[in-house]
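Written out below as structure tokens is the structure these notes cover.
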Number of protein chains: 2
Amino acid sequence: MLMRELKWSKSEKDVARQAFDKAYLKECQAIVNRAKSMIAKISNPREIWKVEDYLFDERKQTDEKYNFRRSMLPLVFTRLIEEGWLKEADLKGLGEDKLQMIRKGLQINRS
Amino acid sequence: MLMRELKWSKSEKDVARQAFDKAYLKECQAIVNRAKSMIAKISNPREIWKVEDYLFDERKQTDEKYNFRRSMLPLVFTRLIEEGWLKEADLKGLGEDKLQMIRKGLQINRS
């Protein structure tokens, strides 16, 4: 089955949205922590632009990664699990069709 | 006399460079302080992008403002004095031709 052919029930959409938002907030919090630590270590004020570089790159990266189009979600969740922003348990409530795609993605990327 | 016709002695260039760098560091330090305070006040991690917006705008603005081309320096110093990043005393050692241009700029902008 192709990802774009998956049917998502209302409760699956809710599970997906919740997991998606949880991962996004977790990743944003990590970015907040890193930026805070970078700023705390600044010895020359010009180094503020390193923080700007960092935040600019993270924004681009997260904007690209957090794509809630349903046809993309299995890929997005695979990546979020790989990167540690989500656990498979956060996806409890998704149908086996979606979970299998995600597990297959994880296997392929690990091999 | 036009700005681009000004002649700058070695010691004037040194004074200009020192004043320019002093203002730049002062402004960067103010940006560091503001970013630090913004980050400290974040309650929702998504607000990190407001800090990114702020730093992005400040970088653009300072990159445009801190132009060390000698033909631009009197205008740059006028602006830095107006904005409080420099005092006229920081420019001690510049010739009267430059100081008069800067003072004239300040008068025009105040009127």
Side-chain angles (χ1 to χ4, degrees), chain A residues 14-69 72-73 76-77 79-87 90, chain B residues 14-69 72-73 76-77 79-87 90:
Chain A
D14 290 347
V15 167
R17 183 83 244 179
Q18 219 169 341
F20 185 92
D21 287 350
K22 180 180 174 175
Y24 185 65
L25 283 183
K26 205 167 162 186
E27 186 154 5
C28 285
Q29 184 61 57
I31 296 165
V32 170
N33 296 348
R34 173 82 185 280
K36 200 183 275 184
S37 146
M38 288 175 83
I39 289 185
K41 285 181 195 148
I42 283 177
S43 56
N44 181 322
R46 292 168 192 264
E47 292 166 27
I48 189 64
W49 308 128
K50 289 189 196 165
V51 182
E52 200 267 323
D53 286 337
Y54 168 69
L55 290 176
F56 182 86
D57 291 345
E58 289 295 323
R59 189 169 201 164
K60 192 161 173 281
Q61 188 254 112
T62 53
D63 280 354
E64 280 167 9
K65 179 161 58 175
Y66 286 87
N67 182 340
F68 199 71
R69 273 191 303 162
M72 295 301 289
L73 275 181
V76 172
F77 285 140
R79 182 166 173 193
L80 293 176
I81 290 172
E82 280 174 338
E83 294 181 357
W85 306 114
L86 272 189
K87 298 208 168 76
D90 295 313
Chain B
D14 290 346
V15 167
R17 184 82 243 179
Q18 218 168 345
F20 185 92
D21 288 348
K22 179 181 174 174
Y24 185 65
L25 284 182
K26 206 169 163 184
E27 186 155 5
C28 285
Q29 184 60 56
I31 296 165
V32 170
N33 295 346
R34 174 82 185 279
K36 200 182 276 186
S37 147
M38 288 176 84
I39 290 185
K41 284 180 196 148
I42 284 177
S43 55
N44 181 323
R46 291 168 194 265
E47 292 166 27
I48 190 65
W49 308 129
K50 288 189 196 163
V51 182
E52 200 267 324
D53 286 338
Y54 168 68
L55 289 177
F56 183 86
D57 291 346
E58 289 295 325
R59 189 170 200 163
K60 192 162 173 280
Q61 188 254 113
T62 53
D63 280 355
E64 282 168 7
K65 179 160 61 174
Y66 287 87
N67 182 340
F68 198 72
R69 273 192 301 163
M72 295 300 290
L73 275 180
V76 171
F77 285 140
R79 182 166 173 194
L80 293 176
I81 291 171
E82 279 174 340
E83 294 182 358
W85 305 114
L86 273 189
K87 298 208 168 78
D90 295 313

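Values in this document were obtained by computation on a predicted structure and should not be read as measured data. Order of the sequence lines sets the chain letters (A, B, ...), proteins ahead of strands, with each chain counted from 1.
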In terms of heavy-atom pairs under 4.5 Å, which option from B:V51, B:I48, B:I31 contacts chain A the most?
B:I48
Nearest 0.5 Å, please: how far is CD1 in B:I39 from CD1 in A:I39?
3.5 Å
Quick check on A:I42 against chain B: is it the side chain, the backbone, both or neither that has a heavy atom closer than 4.5 Å?
side chain
Between A:A19 and A:L86, which heavy-atom pair has the shortest distance, and what is it?
O-CD2, 3.4 Å
Go through chain B and chain A and list any donor-acceptor pairs closer than 3.5 Å, backbone and side chains both.
{"unit_1": "B:Y24", "atom_1": "OH", "unit_2": "A:W49", "atom_2": "NE1", "d": "2.8"}
{"unit_1": "B:W49", "atom_1": "O", "unit_2": "A:R59", "atom_2": "NH1", "d": "3.3"}
{"unit_1": "B:W49", "atom_1": "NE1", "unit_2": "A:Y24", "atom_2": "OH", "d": "2.8"}
{"unit_1": "B:E52", "atom_1": "OE1", "unit_2": "A:R59", "atom_2": "NH1", "d": "2.5"}
{"unit_1": "B:D53", "atom_1": "OD1", "unit_2": "A:R59", "atom_2": "NH1", "d": "2.8"}
{"unit_1": "B:R59", "atom_1": "NH1", "unit_2": "A:W49", "atom_2": "O", "d": "3.3"}
{"unit_1": "B:R59", "atom_1": "NH1", "unit_2": "A:E52", "atom_2": "OE1", "d": "2.5"}
{"unit_1": "B:R59", "atom_1": "NH1", "unit_2": "A:D53", "atom_2": "OD1", "d": "2.8"}

B:F56 and A:F56 aromatic ring geometry - parallel, tilted or perpendicular at 30°/60° bounds
parallel
